[in-house]
Amino acid sequence: MNEQGMIKVEICCGTTCYLLGAQSLLALEKSMPAPWIGKVEIVAMPCLEVCTNDNYSHAPFVRINGEIVGDATVDLISKKVNDLLERHVQ
Amino acid sequence: MNNGVVRMRRELMIRLIRSFLAGTIEKDIDKIPYEIRPKGSDSVRCCIYKDRAIIKYRLMALLGASYESETDESKTLREYLDDALAEKKRPDKPITACGAGCSGCPDRKYFVTDNCRGCFARPCFYNCPVGAIRVENQHAVINQSKCISCGKCMTLCPFHAITKTAVPCEDACPVGAVKKNAEGIAEIDYDKCIFCGKCFSNCPFSAIMERSELLNILNELHKGKEVVAIIAPSAQDQFPGTVGQLFSAVAKIGFKDVLEVALGAEKTTEHEAEEFQEKMIAGERLVTSSCCTAYVEAAKKHAPELLPMVSSTPSPMLYAADIAREAHPNAQIVFIGPCIAKRYEVTLHPDKVDWVMTFEELGTVFAAMNIDVMAQAEWPIPRPAATTARNFARSCGVTDAILKELEAHPELAKRGFKADVKFINGLTPKTVKMLQLYGKGKLPGNFLEVMACCGGCTGGPCSLTQAFNPDKKGI
């Protein structure tokens with residue numbers, strides 16, 4: 001959660017993540033699904049430093065409410081965020 | 001673009017560079033295919049053995065070798081590596097068609113799917129120019145021996161029932177240089193090829209590979225040689241961070257100096273504007289831009305009548321190389337850009353530029369060395385290039401710069417002359433035909449700017465972002 005109680009999605013834009021797909025994840029920032037507006041914050045971050053130790057094949061990484069997610073895709077992020085939103089409602 | 005082909009290419013590059021930098025490449029290189037597809041792992045092609053074989057060909061291309069010239073299949077990657085680093089030699093052609101990786105896509109063919117409702121309107125039947133469509137049992141059928149693949153039926157069907165099988169490399173090639181051989185495997189006809197790289201970007205099986213010089217460049221840096229980078233104007237959009245931060249990141253790799261190719265673009269502008277003015281005063285009909293190598297090759301090989309009208313002004317890369325050479329007379333010069341055709345241009349001017357690296361390769365070097373562009377300090381650029389010169393990277397940028405330059409030379413305007421500028425934004429079979437028409441004088445205009453890639457250099461085959469300025473669309 002960020003200070004406003006919104007779900008925080010941080011997209012790693014370090015060079016490795018950027019090359020292996022973070023670039024297309026940034027599209028989420030521009031075209032956020034309507035139900036997310038006001039509830040989800042998406043930010044591009046400098047390197048989150050999870051890729052060191054030869055784990056680059058699992059890039060791109062995102063951090064959703066503090067949890068690191070590897071092999072991130074728009075679908076995977078959507079699923080995780082929607083799960084969190086549902087839990088939030090209950 | 002984010003897909004499996006791009007991902008594999010970049011992962012392999014990162015792996016190769018890391019192992020080169022660690023000094024273990026001689027030991028590692030033949031193991032890479034096995035590390036990526038270990039026993040029991042999932043394959044993308046038919047089996048892991050084929051995957052491994054294609055990975056080996058990919059690595060060979062990264063070492064500058066070509067599929068076409070392979071004579072000994074048992075030659076190890078270690079041997080290819082030794083060959084690549086033995087002497088200062090660039091690949092003769094920038095791309096290679098890896099027949100083993102080609103899926104042999106079936107010929108382009110239109111057919112009717114089950115979406116067909118056998119409707120009453122039957123626009124497919126009534127509009128087929130060769131009468132190749134009949135309707136049997138409430139279902140349209142295409143007679144393949146009559147069909148001329150015009151695609152009219154596909155666009156007219158209200159149910160989207162007609163589809164076609166594609167041959168992406170052939171479809172992408174603007175000049176018909178990619179053709180399938182008797183076995184149905186894609187081959188490149190280098191007498192027709194303009195090195196635009198469209199087949200390379202469009203093959204979903206990654207069978208068209210780029211022959212890299214990356215390890216040679218890293219090897220020269222590793223040996224402590226003086227190497228200077230000149231960076232194409234399209235660099236602005238490539239990485240998160242500023243141009244200054246990008247230059248610092250490039251210097252961090254080990255380059256002694258980093259210069260903007262846009263400084264060369266300023267000279268190209270000056271010279272080309274002057275040439276345009278002289279030729280117009282001399283009564284010539286048309287002048288075209290010359291900075292896009294793939295276009296100049298297209299004119300040479302496919303629109304020879306247009307060739308005399310191509311400006312003789314050297315490209316920004318060549319001018320920038322002169323500037324770099326003046327400042328560092330003993331250095332090797334590396335051009336960094338989004339372009340495959342530049343590799344070919346350098347082959348024509350080996351005394352000017354020593355090596356070519358792409359933005360994609362640069363990105364993988366950053367990744368392998370853990371260099372984060374955004375975390376760098378600003379590079380002290382002594383004199384930033386003019387905005388008009390930096391905009392050479394975008395379609396219409398060259399024309400913009402030249403028109404601005406002409407404002408400073410009112411001789412032409414005084415004679416009542418008006419520039420009539422035209423653009424070709426991206427080479428396709430259709431725009432290549434237009435080049436021929438321009439050559440024959442059948443199309444209007446006195447200045448023609450041609451960019452092989454849609455959107456200009458930023459849309460290049462080795463660009464990391466496909467940044468595109470939609471306000472400035474040409475033809």
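All heavy atoms count here, side chains included; hydrogens, waters and symmetry mates do not. Below, chain A is the first sequence line, B the second, and so on; all start at residue 1. Only a predicted model underlies this, so the values are computations on that prediction, with no experimental measurement involved.
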Side-chain (A/S24) to main-chain (A/G21) donor-acceptor, under 3.5 angstrom: yes
Report the residues that fulfil side-chain contact (heavy atoms from CB on, under 4.5 Å) with B/A22, sequence neighbours left out, ordered by chain and then residue number.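 For B/A22 the side-chain contact (heavy atoms from CB on, under 4.5 Å) partners, ignoring immediate neighbours, are B/T24.
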Residues passing the side-chain contact (heavy atoms from CB on, under 4.5 Å) test with B/A235, sequence neighbours excluded, are B/I231, B/L246, B/F359
Give me each pair satisfying salt bridge (charged side-chain N to carboxylate O under 4.0 Å, His left out) with a member in residues 357-377 of chain B, each pair once, sequence neighbours excluded.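 Pairs touching residues 357-377 of chain B that pass the test: B/R9-B/E360, B/R10-B/E360, B/R343-B/E361.
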Which of parallel (below 30°), tilted (30 to 60°) and perpendicular (above 60°) describes B/F239 and B/F366?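 Geometry flag for B/F366 against B/F239: perpendicular rings.
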Tell me, side chain or backbone of B/I36 under 4.5 Å from chain A's heavy atoms, or both, or neither? neither
Between A/R63 and A/E67 (salt bridge meaning N to carboxylate O under 4.0 Å), is one present in this structure? no
Within residues 41-55 of chain B, contacts to chain A at heavy-atom distances under 4.5 Å involve none
